[in-house]
Amino acid sequence: MLITHEKWPRTASEAEAEQERLSALVDVSTPLAPHRYIAGLDVAYAIGSSRVAGAVVVLDADTLAVEDMATAVMDVEFPYVPGLLAFRELPALIAALAELTVEPDVLVCDGYGIAHPRRFGLACHLGVLAGKPTLGVAKTAFVGRFAEPGEQRGEAAELVHDGAVVGAALRTQYATKPVFVSPGHLITVEDATRLALQLAPKYRLPETTRLADQLSRRALGAAA
DNA sequence: GCGACAG
DNA sequence: ATCTTGTCGC
């Protein structure tokens, strides 16, 4: 899948302005459309250099079997700034997506969707650029308040930010810390939460992110 | 002003 | 994010 992005911001203020502009295009009220291929994306970083590896793995929505995968190694341009993660990771992820043979229907990101200071996290950004459904699944909290969800697998609590429900703290496995799910684009909080749980039948994190994480690290090491 | 702060 | 194997516990 090809994604083109011009005039990539170089400063924090430019990046924030870009988020303000693109955030108007986000749609989190449309239910998730029928889907067959789910993609998981992640980025691995090298220690003493600016080298990074973006990875994407495509799974069958029903069996979670791996149908395709791709990687892209490059140097990072943008520094890590909370709230501007997309500008640091998207280039490598977009490059990896361009190498896919199987066209994914939904993109699962490592990070947040609308649960973001300006309602425009990495998942929203990728969703708008790709014009496809996206959601974010993060391991730790970023913005918003939430009540501790029940201890059973599948129990969830609303993630509230600025008086709005922007996601959910979801318990994917019994007695494990919850993961934070938020819609990115063309999906609702409910559908994103349901899909995240479906993708995590055995471990705390969705298979999509687990596999993408492993793939990105392997790609980084192989590029050494 | 201070602390927090996705990866 | 990254440094990192085995090991303690359910």
Side-chain angles (χ1 to χ4, degrees), chain A residues 9 12 15-16 18-19 22-23 26 28 40-56 71-96 107-127 134-146 151-153 159-162 166-185 189 192-193 196 202-206 208-224:
Chain A
E16 289 180 14
E18 180 73 338
Q19 294 185 322
L22 295 176
S23 63
V26 172
V28 291
L41 309 92
D42 193 21
V43 175
Y45 297 81
I47 300 177
S49 73
S50 58
R51 182 63 60 81
V52 296
V56 51
T71 61
V73 176
M74 58 175 72
D75 288 305
V76 282
E77 308 282 318
F78 213 91
Y80 170 66
V81 179
L84 300 179
L85 180 64
F87 296 96
R88 181 172 171 74
E89 305 200 330
L90 280 185
L93 295 178
I94 290 174
L107 276 27
V108 183
C109 303
D110 214 8
Y112 282 101
I114 61 172
H116 176 278
R118 287 169 293 283
R119 294 279 191 283
F120 199 69
L122 171 62
C124 297
H125 204 142
L126 181 57
T134 60
L135 63 143
V137 178
K139 311 171 204 57
T140 61
F142 184 30
V143 297
R145 291 166 33 69
F146 63 95
E151 65 178 11
Q152 296 303 319
R153 164 181 154 76
L159 182 58
V160 182
H161 177 58
D162 286 341
V166 296
L170 171 69
R171 192 88 64 186
T172 55
Q173 294 298 323
Y174 174 74
T176 60
K177 294 185 300 181
V179 295
F180 301 85
V181 184
S182 61
H185 189 46
V189 170
T193 303
K202 187 173 171 56
Y203 299 100
R204 176 187 175 231
L205 296 178
T208 39
T209 51
R210 292 185 64 246
L211 295 172
D213 176 77
Q214 296 173 5
L215 181 58
S216 65
R217 297 194 197 199
R218 276 187 282 137
L220 194 60

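Just so it is clear, the model here is predicted, and its values are computed rather than measured. Naming: A, B, ... by sequence-line order, numbering from 1 per chain.
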J.: By the 4.0 Å heavy-atom rule, please label A/Leu84 as base, sugar-phosphate, or nothing.
T.: base
J.: For a quick check of understanding: with a heavy-atom distance under 4.0 Å over all strands, which category does A/Ala46 fall into, base, sugar-phosphate or nothing?
T.: nothing
J.: Of the listed nucleotides (C/dC3, B/dA6, C/dA1), which one gets closest to any side-chain atom of A/Tyr80?
T.: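 So the side chain of A/Tyr80 is nearest to B/dA6.
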J.: Does A/Arg153 form a side-chain contact (heavy atoms from CB on, under 4.5 Å) with A/Thr176? I'd like the steps, not just the answer.
T.: CA-CA 9 Å; A/Arg153 164 181 154 76; A/Thr176 60; over 6 Å; no
J.: For A/Asp213 and B/dG7, what is the distance between atoms CG and P respectively, to the nearest whole Å?
T.: 11 Å
J.: Whole angstrom is fine here: how far is it from CD in A/Gln173 over to C1' in C/dC10?
T.: 15 Å
J.: I would like to know whether A/Arg118 and A/Leu84 meet side-chain contact (heavy atoms from CB on, under 4.5 Å); could you show each step before the answer?
T.: CA-CA 10 Å; A/Arg118 287 169 293 283; A/Leu84 300 179; 3.6 Å; yes
J.: Going by centres under 5.5 angstrom and planes under 30 degrees, do the aromatic ring of A/Tyr112 and the base ring of B/dA6 stack?
T.: no
J.: Are A/Arg171 and A/Pro178 packed together at the side-chain level, in the sense that at least one heavy-atom pair is separated by less than 4.5 angstrom?
T.: yes
J.: Out of curiosity, A/Glu18 CD to A/Phe120 CZ, how far, rounded to the nearest 0.5 Å?
T.: 7.5 Å
J.: If the cut-off is 4.0 Å, is A/Thr140 near the phosphate of B/dC5, judged by side-chain N/O to OP1 or OP2?
T.: no
J.: Distance check needed: B/dC5 P versus A/Phe180 CZ, whole Å only.
T.: 11 Å
J.: Can you tell me the distance, in whole Å, between the OH atom of A/Tyr45 and the C1' atom of C/dA1?
T.: 6 Å
J.: Less than 4.0 angstrom between a side-chain N/O of A/Lys139 and OP1 or OP2 of B/dG7, yes or no?
T.: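 Yes, such a contact exists.
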J.: Starting at atom CD of A/Glu151, determine the distance to atom C1' of C/dC10, rounded to an integer number of angstrom.
T.: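 It works out to 14 Å between those atoms.
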J.: Should A/Asp42 and A/Arg217 count as an ion pair when the cut-off is N to O under 4.0 Å?
T.: no
J.: At under 4.0 Å between heavy atoms, what does A/Gly83 touch on the DNA or RNA strands: base, sugar-phosphate, or nothing?
T.: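 Base, at least one base atom sits under 4.0 Å.
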J.: Quickly, which of A/Leu41, A/Val137, A/Thr134 forms a side chain to side chain contact (heavy atoms under 4.5 Å, CB included) with A/Val108? Name it, please.
T.: A/Val137
J.: Is A/Ala141 touching bases, backbone alone, or none of the nucleic acid, heavy atoms closer than 4.0 Å?
T.: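 Result for A/Ala141 = sugar-phosphate.
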J.: Quick one: A/Arg210 CZ to B/dG7 P, roughly how many Å, whole number?
T.: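 These atoms are roughly 16 Å apart.
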J.: Between A/Tyr45 and A/Glu89, does any side-chain donor sit less than 3.5 Å from a side-chain acceptor?
T.: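 The answer is yes; a qualifying pair exists.
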J.: Any base atoms under 4.0 Å from A/Leu85, or only sugar-phosphate, or nothing? Heavy atoms, all strands.
T.: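 Result for A/Leu85 = base.
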J.: What's the OH-C1' distance between A/Tyr174 and C/dG9, to the nearest Å?
T.: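 Taking OH of A/Tyr174 and C1' of C/dG9, I get 14 Å after rounding.
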J.: So what does the secondary structure string of DNA chain C come out as, 5' to 3', with Watson-Crick or wobble pairs under 3.5 angstrom, [ ] for crossing and | for pairs with another strand?
T.: ..........
J.: Measure from CZ on A/Arg217 to P on C/dA1 and round the result to the nearest Å.
T.: 7 Å
